[in-house]
Amino acid sequence: MARVLHNLLLFLIGLAQRTRVVGYWSLIYAYCALCTVVALLKLCWSIILRPTTTFRWTIRESPPACLNDTSLGTHCYVRIKESGLRFHYVAAGERGKPLMLFLHGFPEFWFSWRYQLREFKSEFRVVAIDMRGYGESDLPLSTESYSFENLVTDVKDIVEYLGYNRCCLVGHDWGGTIAWLFAIHYPEMVAKLIVLNCPHPSVFTGSFLLSLLSLRSSLPLSQNHVRSPVLLLWSERDTFLEQEMAEACRLYIRNHFRLNIISGASHWLQQDQPDIVNTLIWTFLKEGEGRKSYRN
C-alpha cells in the first residue's frame, strides 16, 4: 500500500509539473499570436497610408558604437579548415595567458559577455565567439549544419586555433548546452566549466519541456559524466527553466560542484547581475589548484 501511495504521489507531482508547463507555454503562444495579429493590422494600416515607403529597406552604414568599444577587445576572424566556416570573435587580455572562452545563448551573440570580457581580461586571454549562424560568423543554410556534434567540434577547432589545448569554458543558455557536451566529450580540454542557466544535458533530456520541443535523442549522450570542476549559476526568476533542474545536475559531476542561485535576476543572468556573476566566477576560479591549472 505504501508503495502504491508513493507511486501515486509521484504521478500527481509529475502531472502537476506537466500541467504547469503546458499552461505556461499555452499563454506564451497565445500572447505571440495576439502580437502577430496586432503587427499584421499595423502593417496593413501602414500599407494603406504609406504604400511606397512601407517596404523600403534601410541599410545601416555602420554598426552601433557600443559594438566597436575598444575596451571590450579586438574583433578577429578565423576560417576553420575542417568546416570551411569563418567565425568572428572578440578577444582581450594578453596572449599566452590562460584561455577563458565564452559561448553565448539563443538568440544572442558575443556582446552578451561584454561585462565579463572587461572583468577577466586582467588574468586571462578572454575570447567571446559568435557561434555558427550568429552575429558576423558564417550562416550555414542546412539544418544538419547545426547538429550538436558540429557545434562541439567548432569549440574544439577554435580552442586549438587560438593555440591552446585547454581552457576555462563559460556558456549560457544553448551555449551552456554546448559547454556541457564539450566538457563531457573533451574533459582534458576543460580546466574548469562555468555554466549559466542551463542544466546538464541528461537533466535536459528528461524534461517535459524538451520533449515538447522535439529535441529528445538529438543530444549525443553516449556518456554523461563531467570530470572538470563545475560552477553552475542559476537565476531565481528564470521563466524558462525550473530551479529543480539545477539541483539535479549534481548527479552527473565527478568533481567539485558549486551551485549558486541568484535572486532578482532573469534568464539573462550575466547581463542582469554582472557584478554578482563576476564575483562568483572569481571565487570559483581561485578554488583548488588556482590559476596554474589553466596552463597548457
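Sequence positions, counted from 1, serve as the residue numbers for this chain. The figures that follow rest on heavy atoms only: side chains count, while hydrogens, waters and symmetry mates do not.
Side-chain rings of W110 and Y134 stay apart, their centers remaining 6.0 Å or farther from each other.
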Evaluate side chain to side chain contact (heavy atoms under 4.5 Å, CB included) for K192 paired with L231, printing each intermediate quantity in order.
-> CA-CA 8 Å; K192 288 193 174 183; L231 170 64; over 6 Å; no
Assess whether side chain to side chain contact (heavy atoms under 4.5 Å, CB included) is satisfied between Q273 and L280, documenting all intermediate values.
-> CA-CA 11 Å; Q273 302 285 352; L280 292 172; over 6 Å; no
What do the steps show when you test L232 against L259 for side chain to side chain contact (heavy atoms under 4.5 Å, CB included), and what is the final call?
-> CA-CA 5 Å; L232 179 57; L259 170 62; 3.8 Å; yes
Residue pair I178, V152: steps toward the side chain to side chain contact (heavy atoms under 4.5 Å, CB included) verdict = CA-CA 6 Å; I178 306 306; V152 169; 4.2 Å; yes
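Looking at T283, its side chain does come within 3.5 Å of a backbone N or O of T279 through a donor-acceptor pair. A donor-acceptor contact shorter than 3.5 Å links the side chain of S228 to the backbone of V190. A donor-acceptor pair under 3.5 Å links the side-chain atoms of K121 to the main chain of S71, judged by distance alone. Not a single donor-acceptor pair under 3.5 Å links the side chain of R237 to the backbone N or O of S266. Formation of a donor-acceptor pair under 3.5 Å by the N255 side chain with backbone atoms of R227 is found in this model.
Shortest non-hydrogen contact noted between N68 and P63 is ND2-CG, 3.4 Å. Heavy-atom minimum distance, C168 versus L285: SG-CD2, 3.7 Å. Between T177 and C198, the closest heavy-atom pair is OG1-SG, 3.0 Å. The two residues E123 and W282 have their closest heavy-atom pair at CG-CH2, 3.6 Å. S235 and A265 make their closest contact through CB-O, 3.3 Å (heavy atoms, listed as atom of the first residue, atom of the second, distance). The minimum heavy-atom distance linking P201 with L181 is given by the pair CG-CD2, 3.8 Å.
Applying ring pair (Phe, Tyr, Trp, His ring centres under 6.0 Å) to W113 and the options F120, W268, Y89, F102 leaves one that passes, F102.
By the salt bridge (charged side-chain N to carboxylate O under 4.0 Å, His left out) test, E247 is found to be paired with R250, residues two or more places apart in sequence or in another chain being considered. By the salt bridge (charged side-chain N to carboxylate O under 4.0 Å, His left out) test, D157 is found to be paired with no residue, residues two or more places apart in sequence or in another chain being considered. Considering only residues two or more places apart in sequence or on other chains, R258 meets the salt bridge (charged side-chain N to carboxylate O under 4.0 Å, His left out) condition with E287. Remark: R132 pairs with D154 by the salt bridge (charged side-chain N to carboxylate O under 4.0 Å, His left out) rule, at least two apart or across chains. The side chain to side chain donor-acceptor pair (under 3.5 Å) test applied to E160 returns K156, not counting sequence neighbours.
Taking the side chain as every heavy atom from C-beta outward, L103 and M131 approach each other to under 4.5 Å. Counting heavy atoms from C-beta on, the side chains of E188 and Y186 come closer than 4.5 Å. Residues I129 and S137 fail the side-chain proximity criterion, which asks for heavy atoms closer than 4.5 Å. Inter-residue side-chain proximity for L72 and R118 is flagged as met; some heavy-atom pair is nearer than 4.5 Å. R95 is listed as a side-chain neighbour of R125, based on a closest heavy-atom distance under 4.5 Å. Taking 4.5 Å as the limit, some side-chain heavy atom of L67 sits within range of a side-chain heavy atom of F109. V230 places a side-chain heavy atom less than 4.5 Å from the side chain of W180. For the pair H172/E108, a side-chain contact is recorded, criterion being any heavy-atom separation below 4.5 Å from C-beta on.
Annotation: the span from D238 atom CG to I261 atom CD1 amounts to 10.0 Å, rounded to 0.5 Å. Annotation: the span from L196 atom CG to L269 atom CG amounts to 5.0 Å, rounded to 0.5 Å. Considering CH2 of W234 and CD of Q243, their distance stands at 8.5 Å, rounded to 0.5 Å.
Around atom CG of L41, more than 12 heavy atoms belonging to other residues, nucleotides or ligands sit under 6.0 Å away. Counting non-hydrogen atoms of other residues, nucleotides and ligands closer than 6.0 Å to CD of E94 gives a total of 12 or fewer. With a 6.0 Å radius and a threshold of 12 heavy atoms from other residues, nucleotides or ligands, F106 has its CZ atom at or below the threshold.
A donor and an acceptor atom, one from each side chain of H75 and E136, are nowhere located under 3.5 Å apart. A donor atom on one side chain and an acceptor atom on the other are not found under 3.5 Å apart for N224 and H200.
Ring geometry for Y252 versus H225: interplanar angle of 30 to 60°, hence tilted.
Counting only residues at least two apart or on different chains, the salt bridge (charged side-chain N to carboxylate O under 4.0 Å, His left out) pairs with a member in residues 70-79 are R79-D138.
Hydrophobic clustering (ILVMFWY, side-chain heavy atoms < 4.5 Å, transitive): V127 and Y161 are in one cluster.
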